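To keep things clear, I will list the structure first and then write my remarks on it.
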Amino acid sequence: MKGDNEVAQKIDRRTFIKSGVGLSAASLISKGSQPFYQNAENSRPVVIASANGLRATEKAMKMMRQGKDSLDSVIAGVNIIESDPEDITVGYGGLPNEEGVVELDSSVMHGPSHNAGAVASLRHIKNPSKVARLVMERTAHALLVGEGALKFALSHGFKKENLLTEKSRKIWLKKKESLSDKDFWYPPPVEIKKSDPHALLESHGTINCCALDVQGQLAGVTTTSGFFYKIPGRVGDSPLIGAGLYVDNNVGAAGSTGFGEANILTCGSYSVVEFMRQGHGPEQACLKSLKRVANKARLWPGYKDEKGRPIFDLNFYAVNKRGEFAGASLWKGKHFAAHDGQKNRLRECAYLYEK
Ligand code: ASP
């Protein structure tokens, strides 16, 4: 049972969240040793996302122009991708775990209240980002997982659905049939590309979307079906605040896609925001965090090539309080989506290594 004190704290927290914690027009940003002020009321809205997020950035920008807050806008943006069966890395139609069950991870973070909510290993609900938001707004918790997350979603009226589309089921079955010639499954009738040692690491995707709205408020969301053929119950970086997403309303917002375990072990998005706090621009902040990941990856057996470079990919996306933004990847050739208020288009990510 909750003590009076806890209940009081919870009420305080709700009041705090509901009030939206209006920021003063001027927010302090520390840039190296020379702090400067940003007039929040003059902020131009910006939305960034992973490369699969052009429709999300379009939608979020439209909403922010209508005066909607950054969190409402980025969630509505990623809901489009979550609900689209053609994107097999997120939400409905996402690639399943090794048992053929789709398990989704998502987190949301709201800059003005410095609050967050997340769900992990959530089955049967196609918009996990909406459930993550309810965890933030309607509970005293930050993260719900598995069965508990599902029950929570159902109690809020979400509908239980089969998220495995025919397309995703066929990909899963091919994988299962081609894994071994020492089991009772015959190989798939049409030979699929022989998997190389890194193929498992390639079978994944996510959408991250972060925004700065016209009031100068930051927010972000990350949502995914995680690794294809993961062990049931595996949780990636996306629902973990500090790994797949982090927002500090005085500094900036950052999120990630790519090899989640590497990101979890290095608190990636948190470190991007911390580098921005130290005065680095978003691109440098993302690259510095990637460098840190690459250095640590040298310690992980099986995750580096003959030159000591990571064999996986990891991407960070960041926007700061001034509306500057960037995407960066370990490996050359990646893109990110950004709507800068004028154009919504894919841009090249900065990178550390070339193949
Ligand atoms: N980061 C996701 C995870 O590890 C996968 C991805 O973005 O590709 O679950």
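Counting starts at 1 for both ligands and their atoms, in listed order. As the structure is a prediction and not an experimental result, all values here were calculated from the model.
- In terms of polar-atom proximity, defined here as any N/O pair under 3.5 Å, Asp105 makes no such contact with ligand 1.
- Ion pair Lys288/Glu274 not flagged as a salt bridge, since none of the NZ, NE, NH1 or NH2 atoms sits closer than 4.0 Å to an Asp/Glu carboxylate oxygen.
- Taking distance alone, with nitrogen or oxygen atoms compared against 3.5 Å, Thr257 stays at or beyond that limit from ligand 1.
- Under the salt bridge (Lys or Arg N to Asp or Glu O under 4.0 Å) criterion, the residue pairs touching residues 62-75 are Asp72-Arg133, with sequence neighbours excluded.
- Ring pair Trp331/Tyr353: centre-to-centre distance below 6.0 Å.
- Between Phe316 and the choices Leu287, Leu330, Leu290, the side-chain contact (heavy atoms from CB on, under 4.5 Å) rule is met once, by Leu290.
- Under a 4.5 Å side-chain heavy-atom cut-off, the cluster of Ile, Leu, Val, Met, Phe, Trp and Tyr residues that includes Leu164 is completed by Tyr92, Val102, Leu104, Leu163.
- Ligand 1 has a nitrogen or oxygen under 3.5 angstrom from a nitrogen or oxygen of Asp237.
- Looking at Phe259 next to ligand 1, no N or O pair under 3.5 Å apart turns up.
- Partner of Ser256 under the side-chain hydrogen bond (donor to acceptor under 3.5 Å, both in side chains) criterion, out of Asn315, Asp237, Asn208, Thr206: Asp237 alone.
- Counting protein heavy atoms only, atom 7 (O) of ligand 1 is closest to Thr206 OG1, 2.5 Å.
- Nearest to atom 9 (O) of ligand 1 by heavy atom, out of Glu261, Arg234, Glu103, is Arg234.
- Under a 4.0 Å heavy-atom criterion, Lys230 is not in contact with ligand 1.
- Relative to atom 5 (C) of ligand 1, the option among Gly258, Ala262, Gly226 with the closest non-hydrogen atom is Gly258.
- Of the protein's heavy atoms, His204 ND1, 2.2 Å lies nearest to atom 8 (O) of ligand 1.
- In this structure, Tyr246 and Tyr270 have perpendicular ring planes: the angle between them is above 60°, well past the 30° mark.
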